[in-house]
Amino acid sequence: MVVEHLSKHFGERIAFDDVSFEVGVGEVFGFLGPNGAGKTTTVRTLGTLIAPSSGSAIVAGIPLSPKNGPAIRSRISMMPESPGLYLRLSVRENLECFAGLYRLDDVRGRIGRALGAVSLEDRARDLCGSLSKGLRQRVGLARALLNDPAVLFLDEPTSGLDPVATREVHELIASLRERGVTIFLTTHRLEEAERLCDRVAILNTTLRLIGRPDELRVQLFRRSVDVRLRAPLDDPETVFGAVADVERWEQTPSGYTLAVSDPDLVAPALARALVAADADILSLAESHHSLEDVYLELVDEDVEAKSP
C-alpha cells in the first residue's frame, strides 16, 4: 500500500491532511491517534467508502479511484469495532450470507478455511447471539477472511474484550501475518500496538511520526540512564559532574535520571563514581521509554501548540 499526500476535508473541517506512508506486504501497520484524529476517516477512504479530497493511494496494488472501487473491495476486507453479525443466525449462516453478498465461489471451502483460521470449526452451528463478545470478534475475523484479502483493515479489534479474548485475537493477528496478510490496525491500546506492529504511525489530523517503536523512541527522547540508590547522594552534582559524557541529571522519586550520549559507555565510569562516593547501588540501567511515552509526548505537544 502506498499513500501520497492524501487529504480529506468536509467543508472547512479537516479530517486528515497531507498524509503519506507505505505499508509493506505482510506487515502489521499500527495507526494510532486520539479521538477525532482522522484514523477512521483514513481507513474509510482507503477502503473506498468515501472519496479523498486530494492526493493519491495504491491499495492492494490497485490505484485508488472511483472506477477501481469494486476491484479494490474485492482485494481487501474491513472489520469494524462492532462486527455487525446477525445474532439470530448461526456462525455458518452468517458466513454464508456474507459470502453470497460478495458473490464468492467455493463458499463451502472458503467458510471451512476461515473457521479453521480462527479455530471456530466446532462452533459453526451455534447462534451468534449465544456467543461471547470475544467469540463474535473471531466470527468477524472469519468473515473478513472469506475473500482471502491482500489487505485487512482492523478497527479496534480488541475493544471491550477481556484479557483471555484479547490474547486470542493477538494470536490470530500474528498467524495472519505469518500467512502474508497485510494488516492495517487502528487501536487505542498502545501496548497492543507495541506488541503486534512492525511499524506504527501516529496521526493527529496530520501524520506526526512513523516508524518502528524503537525508532520513534530514539527520535523523540534523548538517551538516559536511571540510577536507583539505597539513599540519596550528599552531593550529586560533584559525583555526576565528574563523569564524562553525563550531559545533565535530575532527581526523581526513585533516584536519578542522567542524560547521556551513550549509556553503555557511561555506565562503568558512573558505577565507579558512585562506589567511590560510598553509594549503595540498587540498579543502574538505560531508561526505557514505551510507545505510550512517545504517544503522550506527541499528543501533549499538539495540545500545547493549539493552546492560546
Side-chain angles (χ1 to χ4, degrees), residues 1-23 27-60 62 64-66 69 72-73 75-85 98 133 136-137 140-141 143-145 149-161 166 169-170 173 176 181-194 196-197 199-210 291-292 294-296 298-299 302-303 306:
M1 183 189 305
V2 179
V3 177
E4 295 183 339
H5 306 293
L6 202 67
S7 300
K8 180 60 183 179
H9 301 171
F10 295 98
E12 296 183 355
R13 185 174 72 84
I14 299 174
F16 61 88
D17 190 56
D18 196 25
V19 171
S20 300
F21 58 84
E22 296 184 14
V23 182
E27 182 177 16
V28 179
F29 186 81
F31 209 52
L32 315 177
N35 291 330
K39 303 186 303 298
T40 298
T41 305
T42 303
V43 170
R44 289 170 61 85
T45 301
L46 295 175
T48 76
L49 299 180
I50 57 177
S53 300
S54 60
S56 63
I58 297 175
V59 182
I62 303 171
L64 181 66
S65 68
I72 291 175
R73 289 191 291 273
R75 297 273 294 148
I76 68 173
S77 280
M78 303 178 68
M79 179 181 160
E81 180 179 341
S82 177
L85 303 171
F98 287 104
K133 184 171 182 179
R136 290 180 194 173
Q137 291 293 84
L141 278 170
R143 183 188 67 192
L145 296 175
V151 180
L152 177 58
F153 292 93
L154 300 179
D155 189 8
E156 302 285 345
T158 59
S159 176
L161 299 186
T166 295
V169 172
H170 288 175
I173 292 173
L176 292 175
V181 178
T182 302
I183 298 175
F184 193 97
L185 173 70
T186 67
T187 179
H188 285 299
R189 294 187 173 187
L190 300 178
E191 76 285 356
E192 177 172 83
E194 190 151 26
L196 294 175
C197 298
R199 291 185 303 139
V200 299
I202 299 178
L203 181 77
N204 200 2
T205 305
T206 59
L207 201 60
R208 301 288 282 107
L209 274 181
I210 184 170
L291 183 58
E292 181 176 7
V294 174
Y295 176 87
L296 293 176
L298 287 175
V299 171
D302 290 343
V303 170
K306 293 176 182 177

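Keep in mind that the numbers below use all heavy atoms, side chains included, and drop hydrogens, waters and symmetry copies.
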Interatomic distance, Leu152 atom CG to Leu145 atom CG [nearest 0.5 angstrom]: 6.5 Å

Glu22, CD atom: more than 12 neighbouring heavy atoms under 6.0 Å: no

Any donor-acceptor pair under 3.5 Å from Ser20 side chain to His5 backbone: yes

Check: Ala51 main-chain N/O paired with Lys8 side-chain donor or acceptor under 3.5 Å: yes

Rounded distance [0.5 Å steps], CG in Asp17 versus CG in Leu207: 11.0 Å

Non-neighbouring partners of Thr182 that pass side chain to side chain contact (heavy atoms under 4.5 Å, CB included), sequence neighbours left out: Val23, Val25, Val151

Result of checking Phe16, Phe153, Phe184 against Phe31 for ring pair (Phe, Tyr, Trp, His ring centres under 6.0 Å): Phe184

Closest contact, heavy atoms only, Thr205 versus Val19: O-CG2, 4.2 Å

Nearest-0.5 Å distance that lies between atom CD in Glu192 and atom SG in Cys197: 7.5 Å

Donor-acceptor pair, side chain of Ser53 and main chain of His9, under 3.5 angstrom: yes

Main-chain N/O of Asp18 paired to Ser7 side chain as donor or acceptor, under 3.5 Å: yes

Test item: side-chain donor near acceptor, Asp155 and Thr186, under 3.5 Å: yes

Minimum heavy-atom distance Val43-Met78, with the two atoms named: CG1-CE, 3.4 Å

Any donor-acceptor pair under 3.5 Å from Lys39 side chain to Ile202 backbone: no

Any donor-acceptor pair under 3.5 Å from Arg143 side chain to Pro83 backbone: yes

Reported CG-to-CD1 distance for the pair Leu64 and Ile72, which is rounded to 0.5 angstrom: 5.0 Å

